[in-house]
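Below: one structure, written as structure tokens.
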Amino acid sequence: MTPMIEAKNVHKYFGKDHILKGINLTVQRGEVVVIIGPSGSGKSTFIRTLNRLEAHSEGTITIDDIELKDGANLDAIRKEVGMVFQSFNLFPHLSVLENITLAPTKVKGLSKGAAEKLAMDLLTRVGIPGHANKRPAELSGGQQQRVAIARALAMQPKVMLFDEPTSSLDPEMVNEVLSVMKELALSGMTMVVVTHEMGFAREVADRVVFFDHGQILEQGPADDFFSNPKEERTRVFLGQVIRH
Amino acid sequence: MSLKKIFPLLGAGALLFAFFLGIGPILNLLPEPISPNANLLRDGAIATVKLTAISGFLGFFIGLALALLHRADYRILRLFSNAVVSAVRGTPLLVQILFCYFALPVLLPFMTLNEFSAAAFALALNTGAYNSEVFRAGLNSVHKGQLEASRSLGLGRIQSFVFVLFPQALRFSLPPLMNNLISLLKDSSLASSIGMLELALAGSRISSESFKPVPVLTTVAVLYFALTSIMTLCAHWYERTQK
């Protein structure tokens, strides 16, 4: 079977800044890949190129055998790739239920009833069925992020991208989001996760990828990576983030 | 749409209806020179409201279109939008109204407009230019993550605008749009310069025929004040439904 995501020699420039310097990354179907690295290393930029929120400057990205470029391909890929953001980005003028049903009804043409049933199932899955008719602002950060995950899942994506999903959460809310992500990983979803949660990476990731200065410095199976990092730079980074 | 949201609209309609129902009998109770001219003043007030409603309605869409052109991918469209807004904001409204009535038919023979249409056209363009700045600010105040979330869910550019960006931008924009509409109602008095019979021109005629400027112009001012107060009241109602 072909891989779900194949990024070949991906470069990205912002003006003169060379942010991504030739990223090669393949993600198999059902694989959970966690990307870690210091801030400014390009990990968020890279995950954003995977559904073209940032257009890559050079190289090719193929998702589910479709090459990522502007035009009809892009719509096809965006329907298959779900994304969860650091700042949730729920639609504040819509109820929780409407947040989830918007895309299935407008993009896929699902009936309102079917979309609402789907939404309620997903809200139950992420553990907050009681908040369907509230506005996002009435929920806690952890609950909002779980709605955002449900909203992305409502499009029945083949890949889920998580861009630092717990970084703007209060500490006591991190686990409720991570456990939803863990359940999703166990269900066989292909996931790419940018995070600073090393516990999650160690427990859930099939593979850990370490970004530094716009390049992949080191990658490997989670156990290997954490117990036996090869590069000095990785050891220093892990020492800094795991110490506390 | 919930009842709470349309309440300001219903309220505005009811108040305006009451205003026009009440204005005739009330003016009839007043002494000379108001009561003999009550109908003229009422018709003037109706014309003012009509002119404001039509140019305000058109100005809403002109403003939105100019704001969208300002965000267009093509530089020429952005330049066009900037040019219209600068031209309108940089010239007096009185000149714009005179231009639309007297000069436009010379330049473009098919644009020969009667008094009402010329005034409505100039006022719509004028308020549209100011509205475009309001919409621009409103659209800019929507967080950029909103569009990213919408696009990454597979919604197209137009869908994202209609369902995600615009409703949020409109919420930010409504109070200043309401201000522009109130200004428009007052500015519509400049239509008297091309002989369009509205409230100000009605007042000015009665005043010069009766040689009694104090009661006549006071009445006219009070009628304008009543109309703007109705609009201010509705704006307050709307803002309260937002809490």
Side-chain angles (χ1 to χ4, degrees), chain A residues 44 47-54 70-72 74-95 98-110 133 135-137 144-145 147-157 159-163 168, chain B residues 1-9 60 64 67-68 71-75 134-178 237-243:
Chain A
S44 271
I47 200 172
R48 287 163 60 84
T49 64
L50 292 181
N51 66 352
R52 213 172 174 78
L53 289 179
E54 306 287 353
D70 286 331
L74 189 55
D75 294 337
I77 284 182
R78 282 198 171 131
K79 280 176 210 169
E80 298 199 352
V81 179
M83 180 130 187
V84 175
F85 300 86
Q86 180 178 348
S87 50
F88 324 139
N89 295 346
L90 291 178
F91 306 135
H93 60 301
L94 301 177
S95 71
E98 289 165 337
N99 261 276
I100 302 175
T101 56
L102 179 68
T105 51
K106 304 300 177 198
V107 179
K108 284 190 165 171
L110 230 59
N133 293 315
R135 290 292 164 105
Q144 289 191 45
Q145 193 60 299
V147 172
I149 293 173
R151 179 177 69 173
L153 288 176
M155 287 301 284
Q156 289 158 329
V159 185
M160 284 283 283
L161 308 176
F162 294 84
D163 186 7
S168 56
Chain B
M1 212 195 262
S2 68
L3 192 65
K4 209 174 111 188
K5 275 186 189 159
I6 53 175
F7 177 66
L9 273 177
F60 180 92
L64 186 58
L68 287 178
R71 296 161 69 91
D73 290 336
Y74 299 102
R75 191 151 169 267
V134 169
F135 279 122
R136 215 156 61 102
L139 287 167
N140 284 340
S141 61
V142 179
H143 192 266
K144 126 181 176 307
Q146 291 290 310
L147 186 61
E148 291 184 350
S150 168
R151 301 287 276 137
S152 69
L153 282 166
L155 286 118
R157 283 174 67 135
I158 295 173
Q159 286 180 320
S160 297
F161 180 80
V162 172
F163 299 117
V164 177
L165 279 189
F166 184 65
Q168 297 186 53
L170 187 61
R171 181 176 293 189
F172 289 119
S173 306
L174 267 174
L177 284 176
M178 205 60 203
W237 280 341
Y238 173 78
E239 276 176 46
R240 255 193 294 167
T241 65
Q242 292 303 297
K243 282 181 188 147

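Residue numbers start from 1 in every chain, and the chains themselves are labelled A, B, ... in the order their sequence lines are given, proteins ahead of strands.
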Query raised in the report: Quick one: side-chain hydrogen bond (donor to acceptor under 3.5 Å, both in side chains) partners of A/Ser87, sequence neighbours excluded?
Result: A/Asn89
Report summary line: In short, A/Leu53 meets A/Met83 closest at the heavy-atom pair CD1-SD, 4.1 Å
Query raised in the report: Checking heavy atoms, do the side chain of B/Gln146, its backbone, both or neither come under 4.5 Å from chain A?
Result: both
Report task. Check the side chains of A/Ser95 and A/Asn133 for a donor-acceptor pair under 3.5 angstrom, ignoring hydrogens and angles. Result -> no
Report task. Counting only heavy atoms closer than 4.5 Å, note whether A/Leu90 contacts chain B via side chain, backbone, both or neither. Result -> backbone
Query raised in the report: Which atoms of A/Phe91 come close to chain B, meaning under 4.5 Å heavy atom to heavy atom: side chain ones, backbone ones, both, or neither?
Result: both
Report task. With sequence neighbours left out, write down each residue that passes side-chain hydrogen bond (donor to acceptor under 3.5 Å, both in side chains) with B/Ser141, or none if nothing qualifies. Result -> none
Query raised in the report: Measuring heavy-atom distances to chain B, does A/Arg151 have an atom under 4.5 Å in its side chain, in its backbone, in both, or in neither?
Result: both
